[in-house]
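Below is a structure I'd like to ask you about.
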Amino acid sequence: MVMDVHGRDLRYFVAVAEESHFTRAAERLYVSQPALSKQIRMLERQLGAELFVRDRQGVRLTPAGSALLPHARRVLDAWDTAAEEVERAVREQRETLVVGMSTSPGRSGLLPSVRSRLSELRDVANVRLRQVPWDDPTAGLADGACDVAFVWLPLPAAERYRWLVVASEPRLVALPESHPLAAREEVDFAELLDEPFLALPESAGPLRDFWLALDAREGRPPRIGAEISSTEETYEALVDGRGVVLVATGNAPLITLGGVVTRPVRGITPSRLALAWRADDRGPLVRDYVRACERATGGVMGA
C-alpha cells in the first residue's frame, strides 16, 4: 500500500489519541473541531481503517489506531529533529564568515588579533579562511565565494568594493642570489627596466600592472619572463632564473627559502594590503569583522 500522508495529519491523529477528545485536541492544535474531524476521516480513508471508536463515552483508539500511534510519534519526533537541524544549519551559515586571501596576511599576528577583537563584539562567530588563486585579485569577493578578503590594492572594478588598508609595505625586488644586482644593498628601479619580470596572470588586471610597476616605467613595456599563480611557482621561477619579481616586505620570507634574496627598491611606491568587502554588503557579521580589523590594525578606510 503506497500513500502520501502529511505530517499534519499524523500530528492531528496523535493529539486526538492523547487527549481522547476531539474538542480538546482541536483547542490544543488551534484548529476548529469540524476541521480536525474532517482531517482524521480523510486519514482513515487513506489508510483504509478506522483509527478511533467514537461513542457517548468519548473517543478511544481502535486496534489499527493503537498500531499506528507509536510509529506516528516516531515520525513526528524525527521530523522535529530534522527541522531543528535545518534551523541550526541555517543559523550557523548566517553566523559563518568566509575570509578570502591569496597570500597569508599573518603579519604580526594579524588574524589572531582580529579574531580576538571580533569575540569582543559578538558571542558567536564562525570564521573560515579560504585560500584563493592569484588569478582572482578580489580573493573570492567577485564571485561571492568569500564575504570579506585580504587583498592587495588596486582592485579591479573598485567601485564595487569598500576596503580598509591594514598595512603599507615597501616593495622589494626578489632575484636569484647569483644575479649581479644581488650584491647591492639597494636597487634603483631604473636598473630593473630591462630585466625579465615574473607577472601575475592577465586576469589579475590592475594588480598585475601594479606588481610590474608600470607607473614607474615611463611608458616602457615590461619584459615578461613567466607568469606566476602561487608562491611555489614564484620561488621556482626565481631559482630557474626566469625573471625577477616585486614583492611586499611582509611576503619576502615566503620566497627567500634558499637561492633567492630580496633587496629594497628606490623609485616605486609601497604596496597596500587591505581588508575588502562588497560595497552593497550590509551583513552584521561583515560589519563586525571590519570593525574588529580596524581596532586591531588602526587601518584607514577607503572607497
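All of these numbers come straight from a predicted model, not from anything done at the bench.
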Practice task
Compare every heavy atom of P176 with every heavy atom of G243, then report the nearest pair and how far apart it is.
Solution key: O-CD, 4.3 Å
Problem - Check: T269/R171 side-chain N/O donor and acceptor closer than 3.5 Å - result: yes
Handout entry: E195 and H179: side chain donor to acceptor below 3.5 Å
Key = yes
Exercise for the section: Using atom types as modelled and distance alone, determine if a side-chain donor or acceptor of E169 lies under 3.5 Å from a backbone N or O of G250. Expected result: yes
Problem - Ion pair R242/E236, N-O distance below 4.0 Å - result: no
Exercise for the section: Mark yes when over 12 heavy atoms from residues, nucleotides or ligands other than R128 sit less than 6.0 Å from its CZ; otherwise mark no. Expected result: no
Problem - Under-4.0 Å salt bridge between R160 and D280 - result: no
Exercise for the section: For residues P222 and L212, report the shortest heavy-atom separation together with the two atoms involved. Expected result: CG-CD1, 4.0 Å
Exercise for the section: List the atom of I255, the atom of V260, and the distance in Å for their closest heavy-atom pair. Expected result: O-CB, 3.4 Å
Practice task
State whether the number of non-hydrogen atoms from other residues, nucleotides or ligands found under 6.0 Å of R272 atom CZ is greater than 12.
Solution key: no
Completion exercise
Between R291 and L121, the two heavy atoms sitting closest are NH2-CD2, 3.5 Å
Problem - Cationic tip of R217 above F197 ring, under 6.0 Å, 45° of axis - result: yes
Handout entry: E186 with R266: basic N within carboxylate O range, under 4.0 Å
Key = yes
Practice task
Provide the closest heavy-atom pair for A216 versus L193 in the form atom of the first, atom of the second, distance.
Solution key: O-CD2, 4.5 Å
Exercise for the section: May I ask you to decide whether R73 forms a salt bridge with E18, counting only side-chain N to carboxylate O separations under 4.0 Å? Expected result: yes
Handout entry: Residues E294 and R117 bridged, charged N to O under 4.0 Å
Key = no
Practice task
Answer yes if the side chains of S37 and Q33 hold a donor-acceptor pair under 3.5 Å, and no otherwise.
Solution key: yes
Exercise for the section: Check whether any side-chain N or O of T62 sits under 3.5 Å from a backbone N or O of E50 as a donor-acceptor pair, and report yes or no. Expected result: yes
Problem - Cationic N near anionic O, under 4.0 Å, R60 to D55 - result: yes
Handout entry: R54 and E44 ion-paired at < 4.0 Å
Key = yes
Completion exercise
Tightest non-hydrogen contact, residues V173 and V265, listed as N-CG2, 3.4 Å
